[in-house]
Amino acid sequence: MKSFNKILFGSVIIAMGMVSCSQDDMVVNLEEQISQIVDSDQPVVLSSGSSKSSTRASIESDDNGLFELPAGENLGVFMLAKDCTPAGTDLPIDWTAATKTINVVYDGISYKDIWSVWINNDPASVIYKYGDDGITKVGCRVDWDEHKVHYYPYGYYHTYSFYAYYPFIKTNGDGKGSLTVTQNNITAKFNCAYIDGTKDILAGTAISDDDAAAFSAKWARNHVGEYPELKMEHRLMKFDFTIKAGAKRIGGVDNYEEALITKVKGIRIYNVPTSMTMVVADKNAANVGKLTWTRDQTKAYALMETNEAGPDQPLTAVCPTIEGLSIGQGIMLPAISSSETKYDLQIELEYLKDNTLHQLVVPMRLDPKVITQNDPDGAGEYHAGKAYQIVLTINSPEEIGLSAYLKPWDVETGGDILIQ
């Protein structure tokens with residue numbers, strides 16, 4: 001079984017055109033340097049380089065890591081200065097230039113920092129690229145919003161890294177959340193009125209420590225046909241649900257009658273986040289994608305209908321089947337540790353008995369030590385990027401069994417896990 005975190009989810013290639021400057025290594029005075037930090041004549045083009053390769057719910061990728069975002073959805077992309085080259089030592093890096101004016105004083109003259117943040121939280125869509133047959137997925141294309149074109153900076157004064165996140169938050173605010181920028185760090189705080197269990201959260205970077213010139217125009221010229229690779233990863237885990245009719249043994253015969261007339265009206269998970277904050281960019285690359293959150297025992301995420309039913313539709317009451325019936329679009333949550341307070345599951349049932357309609361709520365606790373006991377990447381703990389299939393076996397309204405199996409988001413499955 002593959003671990004999601006060990007496979008390429010979204011391989012977004014950043015193709016940097018070669019600029020026409022032949023003086024990359026020339027050291028000139030600061031005024032001349034700053035005058036040279038302008039757009040080159042080559043655009044920044046983003047695409048996928050895989051040979052092969054979604055919806056408001058989770059963003060799905062294929063075995064080759066190719067994916068696309070739903071129509072109208074975007075990544076937020078930053079291109080941030082990583083290091084000064086020998087020619088750029090008088091041009092210090094400060095990422096707060098993303099939100100305020102930073103000035104460098106040289107010979108009594110103040111110069112605005114335009115180099116630290118070259119691409120500043122710009123939205124970009126991701127769609128499939130198809131081969132000549134119009135059917136085979138051969139890559140992904142990343143398009144800047146509103147057909148914008150970005151150009152690589154002229155000159156060789158800094159090397160750059162790339163950071164992307166999803167869902168995109170507008171800098172001036174759009175109700176989804178807010179961005180916080182420091183000199184060495186950028187975080188996104190998501191409003192949980194928007195992140196409600198139906199929305200994926202992704203983070204990705206393209207950072208190179210193998211080549212002193214990466215990433216820059218000089219690097220691009222020396223690596224023709226090679227491109228920085230932006231790898232996107234899920235930062236949440238997901239619970240998927242299947243309902244299955246169980247049998248009562250009556251007179252030596254399995255009887256499914258009561259189970260098959262019991263409807264599941266709703267599924268909710270309690271003790272969920274009221275806010276989530278993710279590291280989008282950090283000078284320490286190991287911190288990128290880290291999530292922190294606060295939780296509320298009274299707050300719940302509801303399982304919503306599949307996307308084919310339309311956006312944000314509540315679950316339709318449905319009876320289980322003997323074979324098992326997959327319901328809803330899944331619920332996405334932070335991967336809490338086994339030492340944290342568990343998530344609580346509530347199942348809403350409805351059944352007709354003696355011509356009377358009965359309703360009840362069945363509470364259960366989701367224990368990561370039990371659900372993940374067959375996880376090859378570490379039993380006892382939930383893992384971001386994994387999907388855990390919860391199987392609800394309904395023998396009767398009064399008797400419900402719960403089992404689970406693990407499946408990474410690449411749709412491989414493991415064995416059943418019995419939850420007592």
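For the single chain, residues carry numbers from 1 onward in sequence order. Here the structure is a predicted model, which is why all the values come from computation and not from measurement.
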task: Could you check Ser275 against Thr294 for side chain to side chain donor-acceptor pair (under 3.5 Å), going step by step and ending with a plain yes or no?
output: CA-CA 6 Å; Ser275 67; Thr294 57; 3.0 Å; yes
message: Check this for me: does any side-chain nitrogen of one of Arg268 and Glu348 sit under 4.0 Å from a carboxylate oxygen of the other?
response: yes
Between Thr262 and Glu350, a side-chain donor and acceptor under 3.5 Å: no
- prompt: Regarding Thr198 and Asp196, is there a side-chain donor-to-acceptor distance under 3.5 Å anywhere?
  reply: yes
message: Can you tell whether the side chains of Glu381 and Lys386 come within less than 4.0 Å, N to carboxylate O?
response: no
query: Which pairs pass ring pair (Phe, Tyr, Trp, His ring centres under 6.0 Å) with one or both residues in residues 85-104, sequence neighbours excluded?
result: Trp95-Tyr163
task: Return yes if a side-chain donor-acceptor contact under 3.5 Å exists between Asn185 and Asp282, otherwise no.
output: yes
message: Regarding Tyr270 and Lys299, do their side chains bring together a donor and an acceptor under 3.5 Å, going by distance alone?
response: no
statement: Looking only at heavy atoms, the pair that brings Trp219 and Asp211 closest together is CD1-OD2, 3.3 Å
- prompt: Is Phe78 close to Tyr165 at the side-chain level, that is, under 4.5 Å between some pair of heavy atoms?
  reply: yes
message: Measuring only between side-chain heavy atoms, which start at C-beta, is Tyr382 closer than 4.5 Å to Ile336?
response: yes
query: Are His158 and Asp83 linked by a side-chain donor-acceptor pair shorter than 3.5 Å?
result: no
message: Are the side chains of Arg295 and Glu340 in contact, using a 4.5 Å heavy-atom criterion?
response: yes
query: Between Leu303 and Ile331, what is the shortest heavy-atom contact and its length?
result: N-CD1, 3.6 Å
- prompt: Is Trp293 reaching over with its side chain to a backbone N or O of Leu333, donor-acceptor style, under 3.5 angstrom?
  reply: no
